[in-house]
Number of protein chains: 2
Amino acid sequence: MDDIILDMDQYLPLRDVVFHALRKAILTGKLKPGERLMEIHLAKQLGVSRTPVREAIHKLELEGLATMIPRRGAQVAQISEKGLKDVLELRRALDVFCAQIACERMTPEEEKELRETCKAFEEATGTKDTTVIAKADVAFHDVIINSTRNERLITTINNLAEQIYRYRFEYIKDDSQHSRLIEEHRRLVDAILNKDPEKAGKAAGIHIDNQEHSILSQINLED
Amino acid sequence: MDDIILDMDQYLPLRDVVFHALRKAILTGKLKPGERLMEIHLAKQLGVSRTPVREAIHKLELEGLATMIPRRGAQVAQISEKGLKDVLELRRALDVFCAQIACERMTPEEEKELRETCKAFEEATGTKDTTVIAKADVAFHDVIINSTRNERLITTINNLAEQIYRYRFEYIKDDSQHSRLIEEHRRLVDAILNKDPEKAGKAAGIHIDNQEHSILSQINLED
DNA sequence: TTAGAGAATATTGTATACAAAGTACAGGAT
DNA sequence: ATCCTGTACTTTGTATACAATATTCTCTAA
């Protein structure tokens with residue numbers, strides 16, 4: 001009787017619960033860049049001891065969402081313009097690469113998914129709901145990224161995406177950009193479906209370039 | 001009198017000491033893939049408590065050198081052929097990218113350094129001392145990578161390099177390959193000094209391709 | 001009033017204790 | 001003989017205690 005598989009509710013270590021909680025708080029801006037992350041304080045707030053909090057903070061540091069100074073604690077990472085440019089430059093190179101190999105490796109099922117998520121994004125822009133739009137955008141790009149079937153590439157890109165998540169959010173809010181985004185997505189989809197790596201790479205590059213311009217101009221406004 | 005700055009000997013958290021110790025042990029093969037990393041055991045061996053050992057193991061996990069299963073502890077990462085191929089594919093893309101932008105960004109001082117480390121590598125192959133050769137090779141590539149001045153790119157590539165360090169070692173031992181390596185380095189240097197991104201990218205790609213073939217054939221022999 | 005020394009306080013780093021889960025092995029039922 | 005089960009033991013997960021360092025505040029002296 002091996003078809004009755006009780007997927008016994010997964011055990012979640014506290015450190016991971018805390019990690020996800022803090023991560024979400026940082027990405028949504030509830031914890032602001034520069035804010036100190038004090039262990040006892042967070043531990044009390046979350047109702048756990050310092051140990052899992054410490055471990056979560058270390059994980060955040062390795063992901064680049066927190067910075068630590070020995071004996072002085074951690075704070076929410078404050079990304080500089082240079083740091084943001086570095087992330088975007090690398091992200092661009094990897095996205096171009098993904099688009100290129102997606103042309104070779106994408107299965108028919110994934111091609112269908114690509115068309116669907118592309119359309120879903122277009123529909124999402126109609127809702128004016130930033131969260132919905134952002135999710136649709138992520139879903140679309142995930143199809144491309146996952147089609148590479150390169151685990152290391154996937155985690156690396158996702159980590160980079162996380163770094164700019166906070167800023168990208170503002171960018172997606174600006175609905176004057178939506179028609180251009182849709183156009184860029186379509187171009188990318190066409191190139192991939194036509195198995196044209198060069199065009200796909202270019203389309204992916206342009207897509208990130210525009211994102212970069214938006215984000216950087218937005219950052220400069222803030223100062 | 002603020003020119004008397006006692007750069008008070010750096011404080012090194014124990015977790016980092018342990019981390020470096022374990023990392024070295026893994027990279028040099030003293031701790032073998034699949035070997036269990038038990039906290040109490042390692043703590044006793046290193047003369048510290050479990051806490052810094054735990055934190056070091058977590059760091060190793062995030063770097064991909066250890067794998068953890070909740071409630072069952074960690075073991076030295078066992079890289080699969082697929083995993084190795086993934087790493088190499090990504091490494092290739094990033095090395096090509098580095099070579100390309102190095103053409104634009106390399107300063108005259110770095111160009112000098114590039115020529116010097118290239119020559120130093122050629123001389124190192126004469127010594128037949130694997131450690132010396134490996135170090136010279138790393139130094140050469142570091143010049144290229146660092147010239148991009150993209151921190152994120154640099155750490156990402158270094159992390160990938162670390163993953164294959166264990167296998168690359170064997171590859172460098174094979175002195176029948178040395179003349180080819182030297183030739184490949186020279187081609188890369190020429191392309192960069194001539195500011196020819198396309199050639200530089202190609203040369204870097206070929207360099208990794210050959211490394212990939214060597215490493216993969218070597219892995220297959222082991223099974 | 002301001003600068004500096006020193007105590008008081010807060011915070012991180014490390015060690016240890018206890019709880020919970022996993023593993024291994026022995027003994028009994030089928 | 002094999003499989004199941006219960007117990008002893010190991011190991012990790014979390015909490016807490018203590019030590020070392022950083023920060024803040026107060027009080028004094030110039």
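Everything quoted here is computed from the prediction, not taken from an experiment. The chains referred to below are lettered A, B, ... by the order of the sequence lines, with proteins before strands, and numbering in each begins at 1.
- Each side-chain hydrogen bond (donor to acceptor under 3.5 Å, both in side chains) pair with one or both residues in residues 40-54 of chain B, not counting sequence neighbours, appears once here: A:Glu55-B:Arg54, B:Glu39-B:Arg50, B:Glu39-B:Arg54.
- First and last contacting nucleotides of DNA chain C toward chain B (any atom under 4.0 angstrom from a heavy atom, 5' to 3' order): C:dG13 to C:dT23.
- Listed by residue number, the members of residues 50-68 of chain B with any heavy atom below 4.0 angstrom from DNA chain D are B:Arg50, B:Arg54.
- Atom pair B:His41:NE2 and D:dT10:P shows a separation of 14 Å (rounding to whole Å applied).
- Within the 4.0 angstrom heavy-atom criterion, only backbone atoms of the sugar-phosphate kind lie near A:Arg72; the bases stay farther away.
- For residues 141-164 of chain B, the set of pairs meeting the ring pair (Phe, Tyr, Trp, His ring centres under 6.0 Å) definition, not counting sequence neighbours, comprises B:His141-B:His185, B:His141-B:His207.
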Using a 3.5 Å cut-off and no angle test, enumerate the donor-acceptor pairs between side-chain atoms of residues 64-73 of chain A and protein atoms at least two apart in sequence or in another chain.
none

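- Rounded to an integer number of Å, the gap from CE of B:Met38 to C1' of D:dT10 is 9 Å.
- Rounding to whole angstrom units, CG of residue B:Leu14 and P of D:dC18 are separated by 20 Å.
- Partners of A:Glu111 by side chain to side chain donor-acceptor pair (under 3.5 Å), not counting sequence neighbours, listed by chain and number: A:Lys195.
- Across the protein-nucleic acid pair, B:Leu12 atom CG and D:dA20 atom C1' stand 16 Å apart, rounded to whole Å.
- Listed by first then second residue, pairs satisfying side-chain hydrogen bond (donor to acceptor under 3.5 Å, both in side chains) with a partner in residues 18-31 of chain A read A:Arg23-A:Glu162, not counting sequence neighbours.
- Under the 4.0 Å criterion applied to side-chain N and carboxylate O atoms, B:Asp137 and B:Arg168 are assigned as salt-bridge partners.
- Within the structure, salt bridge (Lys or Arg N to Asp or Glu O under 4.0 Å) contacts touching residues 87-101 of chain B (residues at least two apart or in different chains) are A:Arg105-B:Glu89, B:Arg91-B:Asp95, B:Arg92-B:Asp209.
- Residue contacts shown for A:Ile69 are absent, as no nucleic acid heavy atom lies under 4.0 Å away.
- Dashed line: the shortest gap from a side-chain N or O of B:Arg71 to OP1 or OP2 of D:dT11 is not under 4.0 Å.
- Applying the side chain to side chain donor-acceptor pair (under 3.5 Å) test to A:Asn210 and every residue at least two apart in sequence or in another chain returns A:Glu184.
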